[in-house]
Amino acid sequence: MRISEWGTTPSGETVHRLVLGSAPGAVLHVLTLGATVHRLEVEAGGPRRNIALGHRDPADYLGSSDYIGGTIGRYANRIAGGRTTLDGDELTLGAHDRGNHLHGGPDGFDRRVWEVADAGEDHAVLRLVSPDGDQGFPGTVRAQVTFTVTGHAVGVELEATTDAPTLVNLTSHAYFNLDGDGAGTIDEHRLTVPAERYTPVDATGIPLGDHAPVAGTAFDFRRPAAIGPRVRRDEEQIVLARGIDHNYVVDGEGWRTAAVLESPAAGTRLILRSDQPGLQVYTGNFLDGSRRTAQGGLYRQGDGIALEPQLHPDSPNRPEWPSAVLRPGETYRCRLEWELSAIGR
Ligand code: BGC
């Protein structure tokens, strides 16, 4: 593990970069700002390249609303109107996305500088204390993320505890482009999501009602399909989100494959495994050329895809769906893994 100073936030906080793993295996660069996946170098069938999107400096991360690579908390995805109740108490949460709460609020975990609690050649543990009332959430939450690089795989373990009942739904918002960051769009990537149902949403990203079958829609990725043609289908749900920005109900339970992403051009496959009930698939619809890449270029629509294991959106207002409530004495856990390999091996 190598740790170095990477930059300074506009408010004067130092941001460190940790480098985990070694070639020819995966090499992961993590920033203490947002416990962010900043860079992921792999071979896996193609030439050695970086397959994770990342910005150039702390100001670019903090000036962006794309959540590139960040660890998201306290609540990933949306809560309708930023309002819900917990044990009978009304909560009013930070709501900065078309009137809804999104990804922890205007000052979410992805915008904080995390403390390095432990680090070695192939792993790092980062911690963050979120005070009582943070973005409207009750209870002091202690969050921890552990990144582990093993050969060609990266594990991410997200944990949290609280001193009062609260809501927790953490995820990693890493974006991938298996052809390499800056190599164009993910249109030709093939995606598989083992899910019979997804969650249709309204124009602001809030679930309309219950989950719906993917069969017969652009959202059916039960067999591998290229992404480009799907996000160009004139179907209402695609039009509303300008592509795919939807939550899937991943078939099965417990530790399992949540998605497979392949680039036939690069000859590379990424298998995402997780233990979460939902998977937000976001095809980079709102990347609009206004934010810089780490190389100093610009991100445009479809330059990367985020595959975010999590609970279903607005779950605090959907008691019939898996619950985000965390109580004192309990430990929240979300595990995920990205395994890279050469296609055909
Ligand atoms: C959300 C999108 C949002 C994106 C980046 C995704 O997880 O679902 O609606 O635009 O994050 O902000």
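Both counts, for ligands and for their atoms, begin at 1 and track the order of listing. As the structure is a computational prediction, the values presented were derived from the model and not from experiment.
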**Q.** T192 side-chain N/O to F221 backbone N/O, donor-acceptor pair under 3.5 Å
**A.**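 Side chain of T192 to backbone of F221: no pair is present.
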Q) So, does T9 use its side chain to make a donor-acceptor pair with the main chain of E13 at under 3.5 Å? A)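 The answer is yes, because a donor-acceptor pair under 3.5 Å joins these two groups.
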Q. If you count only heavy atoms, which residues are under 4.0 Å from ligand 1?
A.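 Only S65, D66, Y67, R78, H103, H173, Y175, D245, Q280, Y282, F286, E308 have heavy atoms that fall under 4.0 Å of ligand 1, ordered by chain and number.
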**Q.** R273 charged N/C atom sitting above W255 aromatic ring, 6.0 Å / 45°
**A.**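 Here R273 fails the 6.0 Å and 45° test against W255.
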In a table with atom names and distances, give each donor-acceptor pair under 3.5 Å that connects a side chain of residues 305-313 to protein atoms at least two apart or in another chain.
residue, atom, partner, partner atom, Å
E308, OE1, Q310, NE2, 3.3
E308, OE2, H173, NE2, 3.3
Q310, OE1, N77, ND2, 2.7
Q310, OE1, N247, ND2, 3.3
Q310, NE2, E308, O, 3.4
H312, ND1, N247, OD1, 2.9

(Q) Could you list the cluster mates of Y67? Members are the ILVMFWY residues connected by side-chain heavy atoms closer than 4.5 Å, either directly or through other members. (A)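 So far as hydrophobic clustering goes, Y67 is joined with I72, L102.
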Q | Partner residues of Y198 under the ring-ring contact (aromatic ring centres under 6.0 Å, His included) criterion, sequence neighbours left out | A |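 Testing Y198 for ring-ring contact (aromatic ring centres under 6.0 Å, His included), a comparison that skips the adjacent residues, returns F219, H246.
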